[in-house]
> 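Before I ask anything, let me first share the structure, which is written out below as structure tokens.
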Protein chains: 2
Amino acid sequence: MPVTERAYHHGNLREALVDAGLRLLDEGGVEAVGIRSAARLVGVSHAAPARCFPTATSFLAAVAAVGYGRLAAALTEAVDAAEDTLSAFRAVGLAYVGFARREPNTFRMLTHPSLADKSRHPDLLEASNRAFDVLREAVLRAQDDGHVAPASPAALALTAWSTVHGISALIVDDQLAAKGYTGDPDDLADEVLATLFLGMRPVPGPPA
Amino acid sequence: MPVTERAYHHGNLREALVDAGLRLLDEGGVEAVGIRSAARLVGVSHAAPARCFPTATSFLAAVAAVGYGRLAAALTEAVDAAEDTLSAFRAVGLAYVGFARREPNTFRMLTHPSLADKSRHPDLLEASNRAFDVLREAVLRAQDDGHVAPASPAALALTAWSTVHGISALIVDDQLAAKGYTGDPDDLADEVLATLFLGMRPVPGPPA
DNA sequence: TTCCTATGTTGATAGTGTCAACATAGGACC
DNA sequence: GGTCCTATGTTGACACTATCAACATAGGAA
């Protein structure tokens, strides 16, 4: 028997269940991910997940934590690919929206109402904070280079996060046309980010 | 028998169920609202709601629509109380955040993942649009008075909506401290809105 | 007065999460 | 080297949910 599979008596059941949860999420949306379905997919009894995940929401939290990890990776990649701190700041915003559009179900899982109280799920909180840190540090570096006003970095980062999250939510739920915007979602993301950057600029008015 | 109660054979069962749903929402959060619980609360059989709401999510949609109505009312009230168009624009942003803080469960219901596809729930879509329109028109009026850049109103309104929604989501889920902001949520809302207004200003840089 | 439809009821089915009791494999310890 | 002991998983049950089909009935239409 191969050691890589069916070795659930050795601790990789949790990982296998999370993988199954991600597949369920991808295929059937947030509603489709449950411990019994995941157990069925893994090929284990319906009560086995209870050992790894004492409650159903703790399972959701584990799946969402992976989602935040993917988001953090996407943001990090965008920052690393940028040439200067200002374009990095811009890139991280676009990467956030791009991630939401690429993985809408994952994006929705991140704000699942059952996971609203993140203090109950330390791993999820940490994964969320790690993704946020990528954006926060991009703001900090742009601030160091004088591209962003010398205000509280925490507030600025929260502003940026709020903006990109909000516009992503609208785009993912197809609310643009209903709200009177008929153009390309990417163009809107550009416009929204431009407004954001304008508001975060250091001085009241640079030359042009 | 009083005509106001127990007259469910005459068409007000739907309303009674929605009321029950709102109570369930308020007391037990988004997870607590279901058709069977609502039926129990109203004092009707478990399958009665099926006549008014063919599916469970259609019931959620009806409850959420009332939530959007409340939101629209709060925004309208804020706009009406303002003295000029610029302060009205500011007031509507603060009112959005204030509503989210006052009714966190209602706020979460508005973005419930089951309701992501609003095209399936015309009433919900309309209620959502109505709330958005209050903010959109506030932007338009501020633009007419020269307080906002002459860009696409739809894009500007979506930017503002995104920002206030994003910051509300973070505040409601108690994510401020975890994200490095230790101050008062209201102060943060002020800061975020200030940045938003700065970015939406008409010219690159007014005097001060 | 006689239907007919709108509105609820009853009962059944399939799915979910959670708990308690039981089985067992593998390492720990003497 | 043999004996427990614990971690891991199974089985079965319970309560809850949504959804469907079959049935009942009240009130208006013809």
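Residue numbering restarts at 1 for every chain, and letters A, B, ... go by the order of the sequence lines.
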> Given B/Asp144 and B/Arg141, is the salt bridge (Lys or Arg N to Asp or Glu O under 4.0 Å) satisfied, shown in steps?
CA-CA 5 Å; B/Asp144 283 344; B/Arg141 277 193 283 268; over 6 Å; no
> Side chain of A/Val44 only, heavy atoms from C-beta on: which candidate in C/dT9, D/dT10, D/dA18 is closest?
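In terms of side-chain proximity for A/Val44, the closest of C/dT9, D/dT10, D/dA18 is D/dT10.
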> Out of D/dT19, C/dT18, C/dT10, which nucleotide sits closest to the side chain of A/Thr55?
C/dT18
> Given atom CD of A/Glu31 and atom P of D/dT19, what is their separation to the nearest angstrom?
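Result: 12 Å.
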> Between A/Arg130 and A/Asp133 (salt bridge meaning N to carboxylate O under 4.0 Å), is one present in this structure?
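Answer for the salt bridge query: no.
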> Rounded to the nearest Å, what distance is computed from the CG atom of residue B/Asn12 to the P atom of nucleotide C/dT7?
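The answer, rounded to whole Å, is 11 Å.
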> Is any side-chain N of the basic residue among A/Lys179 and A/Asp174 closer than 4.0 Å to the acidic one's carboxylate O?
no
> In whole Å, what is the span from the CG atom of A/Leu24 to the P atom of C/dG17?
11 Å
> Just how far, in rounded Å, is C1' of C/dT7 from CG of B/Leu17?
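To the nearest whole Å, that distance equals 12 Å.
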> Let's see if you can work this out: which of D/dA18, C/dT9, D/dT10 has an atom nearest to the side-chain heavy atoms of B/Ala48?
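The closest nucleotide is C/dT9.
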> Evaluate the criterion salt bridge (Lys or Arg N to Asp or Glu O under 4.0 Å) for residue pair A/Asp190 and A/Arg90; output intermediate values, then yes/no.
CA-CA 9 Å; A/Asp190 275 336; A/Arg90 177 189 188 80; 3.2 Å; yes
> Would you call the rings of A/Phe107 and A/His165 parallel, tilted or perpendicular, where under 30° means parallel and over 60° means perpendicular?
tilted
> Measure up the B/Phe197 and B/Phe89 rings against each other and bin them: parallel (under 30°), tilted (30 to 60°), perpendicular (over 60°).
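Rings of B/Phe197 and B/Phe89: tilted, as their planes differ by 30° to 60°.
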> Going by atom types alone, do A/Ser114 and B/Glu31 pair a side-chain donor with an acceptor below 3.5 Å?
yes
> From C-beta outward on B/His46, which listed nucleotide comes closest to its side chain: D/dT11, C/dG17, C/dG11?
C/dG11
> So if I take every side-chain heavy atom of B/Ser45 and compare against C/dT9, D/dT19, D/dA13, which nucleotide ends up nearest?
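Ranking C/dT9, D/dT19, D/dA13 by closest atom to the B/Ser45 side chain puts C/dT9 first.
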> To the nearest angstrom, how far is A/Phe59 atom CZ from C/dT16 atom P?
12 Å
> Assign B/Ala56 to base, sugar-phosphate, or nothing according to its heavy-atom contacts below 4.0 angstrom with the strands shown.
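Sugar-phosphate, backbone atoms only, no base.
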> Where along residues 32-40 of chain B does a heavy atom fall under 4.0 Å from DNA chain D?
B/Gly34, B/Ile35, B/Arg36, B/Ser37, B/Arg40
